[in-house]
Every structure is written in structure tokens, then in C-alpha cells.
Amino acid sequence: MESGPGVDEFRRGLLAWYGENARDLPWRRTADPWAIWVSEIMLQQTRVAAVLEYYTRFMERFPNAAALAEADEAEVLAHWSGLGYYRRARMLHQAAKQIMAHGGQIPRTVTGLRELPGVGEYTAAAIASIAFGEAAAVVDGNVERVLIRYMGQSEEEESRALKTRIQEEAARLLDPERPADFNQAMMELGATMCLPRGPLCLGCPVQEGCATRGEHVTAPAKKMRSREMAYGLFRRKAWPKTEVLLEQRPADASLMAGMWELPEIEAKTAQEDAPALTVRHSITNTNYYVSVFVLNAQQSRELAGTENTREWIAARMLMEMPLTGLSRKILKRLKVMPGYDGPGPLHALEESTDRIVL
DNA sequence: CATACGTGGCG
DNA sequence: TCGCCAAGTAT
């Protein structure tokens, strides 16, 4: 009853392939549960390439749960700024506090981990297996796609039944001797070989037992909406004391609550000059076409009133602000704040930069 | 169970 | 200028 057809071959083939092809990623070089936990949260719905730009810097500042628990939320968000899904950062912060309030030990089991805010079925299984060796099968988007293809799928199967079948198949195939490697191998296979479109079946280690060799129906996508808007980059004082006007989103906003951004201005208002910058920014299913106008302190008086907090922020402080990704992007493009040189500590605004370039 | 939640890159 | 994604969770 233990192993159905082909299970041993599946495990052997997959693990051998993973041994040869695993990408060298920072969170694969550690056995520290905290480091693995942080990586799993950052990787939720987020590309590896994007996480790499944040992970090391975050871990240097918050090397353990205690460090994060002691930090202010604003600083946590500042280190997450641009990564998206900020609720993840808030929940991770809450979870760290929760752990420190209960003795400081990270739970070692799926059941225990599942209690933590921000840790769902996938993440609990990932941490339990990778950090603690529990034989729990992970099912993320990659694994789901791999298994649907591997098992085959009938037209009339209900989605609930399919989910169950995927979970069961993942558990059946899981190598109980090496759950950490097996789970990561499954995800790696989905991420690098069993691609959503154009799967690389010829190089697939489990091709032989695969029912479909790559067929996969994808759900029709939702329509994108478009919206035009404009931001004002209001500035005052000369370099290096330059300040820009920022506005804080309401604490109860559904989107990016409590984070700071440039003040929005009337998109239609006749601006004398062309925008200093135009960018597209898509959030969920809305494409924002954003124009940014550079304005002076005088003109800030023409701003519409708001309940929100507005403050003049020194350019050199921007790195420490929990900015929205869009405002961060704009401030970097306009060289009001420096970009990152990849992973590493935050660096201060360089003194060599003479003045704002527009 | 559907929906909201962010972002940057690519064709 | 536009569609689609990528290691999910909470409600």
C-alpha cells in the first residue's frame, strides 16, 4: 500500500535531476528556520529575481525573529517597500512578536506553524519540511501544474476534487526520507522545466511516467482596466537639503495602508510643461498610466485638501520610509533617491551627487 | 469559494 | 499601450 506504481522511479529521477540542476539561492545555503521562513514569505506570489534584491538586506537587518519583533512596523515596511503584498510583512512582524511572547521558539510542525499569521497550508508545509524535516508535501502553483500534467486531468472533474487529488498525489510521491529536497525539487521542476507554456519535456526527469507530456489548460484571464493619474513631485530647499512632499495613505486603506507616496494631482489640470516622467504601473487588474510633474513648494498650496498626513521629507531620509512601490520607482527614476546596488545594506544618498537631475 | 492584495519583466 | 505572469493567504 505504501508505494504505488513508479513512485521510486519518480523520486529517484526527480532528486537526481535536482542534485544536478538546483539553483544556488541564499535560502538554500542555510538550515536556519528563520531564514527559511523569511524566504518562504517573500516568495509568495513573487519571482525569485525580485526576492533576491530584498532577502539579504532584510536578513542583515532582521537576522532573527527577536530582531524583527523589536522593530517598528514602519521600518519593517521600509525594508519591504517595493516587494508588494505588504500584508505579508505586517503578518511576519506579528508572527515574530507572537513567537517572542511565547518563549522565542519557531514551531517545528505543520500544525504549530499553521497558527502563525501569514502562514497558510503551503508555507507551513514548506517550513516544516525544509527547516525541520517533517514529511509534509507542499502544493504551490508549480507543484499543482506539474502534478496536473503528470496525472492527467479529465474535462468534467470538479475543481474541488482535483485539488484533493493533487494533494493526495503530492503526499503519495513525497520521499519521506528527503522531504526538504523532494519538495524543493518539485517546485524547481515547475519553475524551470514544467513551464506554464512551452514545457521542456525532453529534459524532464519524470517524463516517462507523465500522462500528458505537457498539455495544460489555463483559465481565461481577467480583463485589465486602465486609469490615468498624475503625481506631483513638490520640492523645496537646495541640495543636499532637498525635501519632497509626501502623503501617508490611511491606516485603514485596503491598498498599501499606512505607506507613503507622492501627492496625487489632477490629471487633467493643464500643466505648462510636459511631465518629467511617465510610467505604467499595474496593480492587480488595473494598469495605471502615471504622469509625474515636478513642481515647487509654492505650487503645493494648490493641492486639494486631504484628511491624510502630508510631510516634507528630506531626500536622504527616503530610504527609510515605507514608500509604495510606485512612488519608490518614481523617486529613483528622478534621482531624488538612490537605487540599490543589488543586495546589501541601505546606502546613504551619495555626497557626490550634486543636484537633482530632471 | 471568489476576491483582494503589488510588482517588474517580457512579448 | 496591454495581457500575463510568480514558491499564497486571509476573508
Side-chain angles (χ1 to χ4, degrees), chain A residues 22-23 25-28 36-55 77 80-92 94-95 113-127 129-130 137-146 158-163 170 180 183-192 194-198 216 218-228 249 253-259 261 278-291 322-330 332-333 339-340:
Chain A
R23 287 169 292 179
L25 302 169
W27 46 89
R28 287 183 175 161
I36 290 163
W37 179 9
V38 170
S39 75
E40 289 300 337
I41 300 298
M42 285 192 172
L43 286 163
Q44 289 169 2
Q45 297 290 286
T46 306
R47 294 171 190 281
V48 167
V51 171
L52 286 173
E53 295 177 24
Y54 287 79
Y55 182 73
L77 289 172
W80 206 273
S81 168
L83 236 201
Y85 287 123
Y86 300 100
R87 194 171 50 181
R88 295 182 297 177
R90 291 194 172 88
M91 289 189 296
L92 182 60
Q94 289 309 310
L113 288 160
R114 197 66 180 72
E115 303 288 316
L116 299 169
V119 178
E121 277 308 309
Y122 161 78
T123 306
I127 300 170
S129 62
I130 297 169
V138 302
V139 178
D140 71 338
N142 285 313
V143 175
E144 186 176 305
R145 183 174 60 255
V146 168
E158 308 239 3
S159 73
R160 188 78 192 89
L162 177 61
K163 290 277 185 201
N183 281 334
Q184 293 185 86
M186 286 290 282
M187 295 189 280
E188 191 84 343
L189 186 68
T192 65
C194 196
L195 305 171
R197 267 181 292 251
H216 184 49
T218 51
K222 292 163 198 162
K223 278 188 183 168
M224 298 292 284
R225 287 252 171 263
S226 292
R227 179 153 106 77
E228 282 187 38
R249 300 174 62 83
S254 69
L255 203 63
M256 299 168 282
M259 302 194 66
E261 62 187 347
T278 59
V279 294
R280 183 185 77 138
H281 191 77
S282 51
I283 293 181
T284 59
N285 68 333
T286 304
N287 281 321
Y288 293 89
Y289 293 93
V290 185
S291 300
L323 301 169
T324 67
L326 174 53
S327 286
R328 170 168 296 255
K329 179 160 73 179
I330 291 166
K332 276 191 201 171
R333 293 260 183 101
Y340 300 132

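Quick note on labels: first sequence line is chain A, next is B, and so on, each numbered from 1. Atoms considered below: every heavy atom in the structure, side chains included; atoms not considered: hydrogens, waters and symmetry mates.
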>> From the set B:dT7, C:dA6, B:dC1, return the single nucleotide nearest to any side-chain atom of A:R47.
In response: C:dA6
> Taking atom P of C:dT1 as reference, at what distance in whole Å does atom CZ of A:R227 sit?
Replying inline: 15 Å
>> Nearest whole Å is fine: how far is B:dG6 C1' from A:L77 CG?
In response: 13 Å
> Of the candidate nucleotides C:dA10, C:dG3, B:dC5, which contains the atom at the shortest distance from the side chain of A:M91?
Replying inline: C:dA10
> Within the structure shown, what part of the strands sits under 4.0 Å from A:G82 by heavy-atom distance: base, sugar-phosphate, or nothing?
Replying inline: sugar-phosphate
> Is any side-chain nitrogen or oxygen of A:T46 closer than 4.0 Å to OP1 or OP2 of B:dT7?
Replying inline: no
> When we call it a touch if two heavy atoms are under 4.0 Å apart, what does A:V51 touch: a base, just sugar-phosphate, or nothing?
Replying inline: nothing
> Between A:Q45 and C:dG8, is there a side-chain N or O to OP1/OP2 distance below 4.0 Å?
Replying inline: yes
> At what distance, to the nearest 0.5 angstrom, does CG of A:L326 lie from CE of A:M259?
Replying inline: 11.5 Å
>> Using a 4.0 Å heavy-atom cut-off, does A:R90 contact any base of the nucleic acid, only the sugar-phosphate backbone, or nothing at all?
In response: nothing
>> Base, sugar-phosphate or nothing for A:L25? Non-hydrogen atoms, less than 4.0 Å.
In response: base
> Taking only N and O in the side chain of A:Y54, is any of them less than 4.0 Å away from OP1 or OP2 of B:dT7?
Replying inline: no
> Does A:H281 make a side-chain N or O approach to OP1 or OP2 of B:dT7 shorter than 4.0 Å?
Replying inline: yes
> Touch check for A:Q184, heavy atoms < 4.0 angstrom, all strands: base, sugar-phosphate only, or nothing?
Replying inline: nothing
> Within the structure shown, what part of the strands sits under 4.0 Å from A:I41 by heavy-atom distance: base, sugar-phosphate, or nothing?
Replying inline: nothing
> Does one side chain, of A:R88 or A:Q44, offer a donor that lies under 3.5 Å from an acceptor on the other?
Replying inline: no
> What is the nucleic acid contact for A:M256, judged by heavy atoms within less than 4.0 Å: base, sugar-phosphate only, or nothing?
Replying inline: sugar-phosphate
> Can you tell which of C:dC2, C:dT9, C:dA6 lies closest to the side chain of A:Y289?
Replying inline: C:dC2
> Which nucleotide in the list B:dG6, C:dT9, C:dG3 gets nearest to the side chain of A:T123?
Replying inline: C:dT9
> Closer than 4.0 Å, any side-chain N/O of A:K329 to the OP1 or OP2 of B:dG8?
Replying inline: yes
>> I need the A:M186 CE to A:D140 CG distance, nearest 0.5 Å.
In response: 9.0 Å
>> Rounding to an integer number of Å, can you tell me how far A:L195 CG sits from C:dC4 P?
In response: 18 Å
> What nucleotide, of B:dG9, B:dC1, C:dG8, holds the atom closest to the side chain of A:S282?
Replying inline: B:dG9
> When we call it a touch if two heavy atoms are under 4.0 Å apart, what does A:W80 touch: a base, just sugar-phosphate, or nothing?
Replying inline: nothing
> Counting any heavy atom closer than 4.0 Å, what does A:R249 reach on the DNA or RNA strands: base, sugar-phosphate only, or nothing?
Replying inline: nothing
>> Given B:dC5, B:dT7, C:dC5, identify the nucleotide with an atom nearest to the side chain of A:R197.
In response: C:dC5
>> Please report the distance, rounded to the nearest Å, between CZ in A:R87 and P in B:dT7.
In response: 14 Å
> Between B:dC1, C:dC2, C:dA6, which nucleotide gets closest to the side-chain atoms of A:R280?
Replying inline: C:dC2
>> Let me spell it out: for each of A:S159 and A:Y85, pick the nucleotide of DNA chain B with the closest heavy atom. Which residue's pick is nearer the 5' end?
In response: A:S159
>> Tell me the closest heavy-atom pair linking A:A170 and A:V138, and the distance in Å.
In response: CB-O, 4.4 Å
